[in-house]
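If you're wondering where the values come from, they're calculated on a predicted model, not measured in any experiment.
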Amino acid sequence: MTFASAGFYDYHVLHETTDTRSPAKRFYEVKSIYEKVVAISSARYIAATMQTQGKSVPYLKIVNLLEAFHCLLHRLGRCDVSLDIPFGSEPLTYLKRRLKSIPVAVRLVRLCRAVLRRTPCFVMRFIGTILYPILGDRGPLRGYHGNTSDYLRTGLGQYVALTQHSDTMVPPGRFVPSLFVAVIPGARVLAENGAVISPDHRLLADVSWAGDQAASQPWAHPALRKFELPPIQHVGGRVAVINSIQAANYYHWMFDVLPRLGLLQRSGLTADRFIISATTGFQTDTLKLLGLSDDCLFSPDASTHIRADELVIPSLSGPVFSMSPQQHACEYVRSAFLEKGRYRKPHRAIYITRGDATHRRVVNEVEICDDVAALGFEVVSLSGVPFSKQVEMFAEAKIIVGPHGAGFTNAVFCEPGTVLIEFMPTGRIIDCFERLARIGGLTYHSLVCAEIDTGGGPVTNDHVVDRSALRDLIARYVPGSG
């Protein structure tokens with residue numbers, strides 16, 4: 001039911017484009033419309049409409065008020081667009097669609113969303129400032145410093161700036177971080193991701209990555225929403241914070257966590273202990289090869305809150321969730337784990353399978369494995385393979401094929417000229433390994449595959465590889481495979 005069908009006004013008046021009515025006549029017509037809005041909202045009218053249409057009270061109120069308000073705007077000469085609300089549609093969906101057509105409303109909604117997102121941070125910052133004299137370093141944080149250098153302008157500490165290496169193979173862009181190592185007496189480390197808190201009880205945002213791209217904004221950091229921080233553990237001497245977000249993920253461990261050790265090495269500074277995860281097999285393997293003994297490691301968890309005599313803070317190697325390794329990170333990983341003269345000349349053809357994974361699997365992998373095995377490929381699952389063996393495997397590879405996954409991180413150990421063919425589901429197209437290939441001088445190909453919805457979203461969906469397209473691609477590099 002609309003106003004027109006209810007007889008409240010002539011629906012065709014909405015299509016008028018000229019108005020010769022006097023101001024007095026307009027006023028009385030607007031007054032009449034207002035009275036009709038009140039009448040429509042009355043309980044008696046709603047009850048009668050519910051009986052005839054079987055609609056809910058909230059729905060009718062929204063629809064009727066929208067129609068009345070639209071007619072009011074038209075009578076005032078502010079709207080010449082017809083209004084047609086089908087009773088079967090959702091009123092909130094309709095309202096959102098209408099608001100999106102009004103530029104002022106769109107800007108207002110965006111402003112409101114931005115304010116609402118930042119409000120918890122501002123509220124907690126105010127509470128933290130008020131309670132700091134009472135609760136001290138266990139209370140809510142007093143806000144954040146956008147950059148470590150901002151704090152060091154007024155606080156005590158040391159700052160060593162490092163240069164980012166240039167490379168003609170890597171085009172300039174937004175993935176160029178500022179590299180440094182800072183030493184701040186009395187600074188603290190919070191939780192497993194290595195968030196750093198300055199002595200004035202504020203977060204150091206540039207070395208405290210929070211999560212995905214949205215949560216990388218300082219005001220969205222979880223530490224700024226805590227009413228009470230864990231008990232503080234004092235650690236004497238000079239302590240280096242190495243851990244960062246996603247340390248349990250092999251890709252992020254190799255390109256975001258370990259390179260902080262490389263920055264520390266380049267700065268010439270030293271540390272007595274290191275705050276870094278040492279729980280998984282690849283973590284303990286790599287740390288052992290780097291010569292870090294268990295007694296100098298502190299593996300953080302959610303309850304970690306450490307104050308050091310001097311906290312050594314290497315910068316993050318880059319935007320953690322940009323999924324793009326930095327050149328300095330690749331150079332450090334190669335120099336740390338590749339043993340010169342140990343490996344044979346690249347000659348191996350390797351297919352990396354994700355058959356034992358729980359997501360992002362190749363649906364027709366049995367057929368794919370048969371195809372590549374017939375061409376002389378080794379079919380390898382990296383699960384359970386010791387780290388040193390993985391380094392050797394990729395260092396001796398001439399061509400590597402497989403689905404997108406953390407295992408391709410090992411392509412950092414490949415020699416220049418190695419061919420990398422990566423299966424990429426249509427909903428999960430990212431360029432991290434393409435960038436890695438450019439940095440290492442590899443030949444890279446992405447084979448986009450049809451996605452199979454498994455209910456977990458684009459990150460976890462399986463995919464089907466075009467066998468013919470794969471054979472044609474391999475034929476370019478493997479003699480006799482055409």
Compile the donor-acceptor pairs under 3.5 Å between side chains in residues 440-447 and protein atoms, sequence neighbours left out, one pair per line.
{"residue": "Y444", "atom": "OH", "partner": "E422", "partner atom": "OE1", "Å": "2.4"}
{"residue": "H445", "atom": "NE2", "partner": "Y477", "partner atom": "OH", "Å": "2.4"}

- prompt: In terms of side-chain heavy atoms, does Y351 have a donor or acceptor partner in E365 at a distance below 3.5 Å?
  reply: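 Per modelled atom types, Y351 and E365 side chains form a pair under 3.5 Å.
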
- prompt: So, D256 and S244: side-chain donor and acceptor under 3.5 Å apart, yes or no?
  reply: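 No - no donor-acceptor pair under 3.5 Å links their side chains.
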
Please check: side-chain N/O of [X] versus main-chain N/O of [Y], any donor-acceptor pairing under 3.5 Å?
X    : Y    : answer
R138 : P230 : yes
D309 : G237 : yes
D466 : A469 : yes
N243 : E192 : yes

message: Restricting to ring pair (Phe, Tyr, Trp, His ring centres under 6.0 Å), what partner residues turn up for F408, sequence neighbours left out?
response: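 Residues passing ring pair (Phe, Tyr, Trp, His ring centres under 6.0 Å) with F408: F433.
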
- prompt: Looking at residues at least two apart in the chain, or sitting in another chain, which of them share a ring pair (Phe, Tyr, Trp, His ring centres under 6.0 Å) with Y151?
  reply: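 Y151 satisfies ring pair (Phe, Tyr, Trp, His ring centres under 6.0 Å) with H145 only.
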
Non-neighbouring partners of [X] that pass salt bridge (charged side-chain N to carboxylate O under 4.0 Å, His left out), sequence neighbours left out:
X    : result
E310 : R238
R342 : E339, E392
E378 : R348
D200 : R202

task: Please check if atom CD1 in I429 has more than 12 non-hydrogen atoms from other residues, nucleotides or ligands closer than 6.0 Å.
output: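 More than 12 heavy atoms, drawn from other residues, nucleotides or ligands, come within 6.0 Å of this atom.
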
Salt-bridge contact R360-E451 (side-chain N to carboxylate O under 4.0 Å):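 Judged by the 4.0 Å cut-off on N to carboxylate O distance, R360 and E451 do not form a salt bridge.
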
- request: Tell me, with the steps shown, if L261 and Y332 meet side-chain contact (heavy atoms from CB on, under 4.5 Å).
  value: CA-CA 9 Å; L261 289 169; Y332 171 73; 3.7 Å; yes

message: For F255 and Y251, I'd like to know if the aromatic rings sit close, meaning centre-to-centre distance below 6.0 Å.
response: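 Between F255 and Y251, the centre distance is under 6.0 Å.
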
Check: Y250 ring centre within less than 6.0 Å of F282 ring centre: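 Yes: the rings meet the under 6.0 Å criterion.
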
- request: Apply the test side-chain contact (heavy atoms from CB on, under 4.5 Å) to residues V419 and I421: give CA-CA distance (whole Å), side-chain angles for both, the deciding distance (0.1 Å), then the verdict.
  value: CA-CA 7 Å; V419 178; I421 300 177; 4.0 Å; yes

task: Keeping to residues at least two apart or across chains, list the side-chain hydrogen bond (donor to acceptor under 3.5 Å, both in side chains) pairs with something in residues 289-302.
output: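 Checked against side-chain hydrogen bond (donor to acceptor under 3.5 Å, both in side chains) - neighbours excluded - the pairs reaching residues 289-302 are S293-D295, D301-S303, D301-T304.
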
Taking only residues two or more places apart in sequence or in another chain, which ones pass side-chain contact (heavy atoms from CB on, under 4.5 Å) with [X]?
X    : value
P259 : S317, H328, A329
N147 : S149, D150, D206
T454 : T460, N461, D462

Show me the side-chain donor-acceptor pairs of residues 179-191 shorter than 3.5 Å, one per line, residues at least two apart or across chains.
{"residue": "R188", "atom": "NH1", "partner": "D137", "partner atom": "O", "Å": "3.2"}
{"residue": "R188", "atom": "NH1", "partner": "H305", "partner atom": "NE2", "Å": "2.9"}
{"residue": "R188", "atom": "NH2", "partner": "H201", "partner atom": "ND1", "Å": "2.8"}

- prompt: Which heavy atom in Q283 sits nearest to a heavy atom in A247, and how many Å separate them?
  reply: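 Distance-wise, the nearest heavy atoms are NE2-O, 2.9 Å.
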
Report yes if the side chains of [X] and [Y] come closer than 4.5 Å at any heavy-atom pair, otherwise no.
X    : Y    : value
L420 : T418 : no
L204 : Y144 : no
M393 : I350 : yes

From CG (L264) to OG1 (T270), nearest 0.5 Å: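 L264 CG to T270 OG1: 7.5 Å, rounded to 0.5 Å.
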
field: Distance in Å, R307 CZ paired with H234 NE2, rounded so as to fall on 0.5 Å steps
entry: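 Going from the CZ atom of R307 to the NE2 atom of H234 covers 7.0 Å.
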
- prompt: Distance under 6.0 Å and angle within 45° of the ring axis: does R273 meet both against F298?
  reply: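 Judged by the rule (NZ or CZ under 6.0 Å from the ring centre, within 45° of its axis), R273 is not positioned above F298.
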
- request: Please assess R467 against E367 for the test salt bridge (Lys or Arg N to Asp or Glu O under 4.0 Å), listing each intermediate value before the final yes or no.
  value: CA-CA 8 Å; R467 296 170 64 188; E367 293 85 353; 5.5 Å; no

message: The test is side-chain contact (heavy atoms from CB on, under 4.5 Å); show your working for C369 and V379 and say whether it passes.
response: CA-CA 7 Å; C369 288; V379 178; 3.8 Å; yes

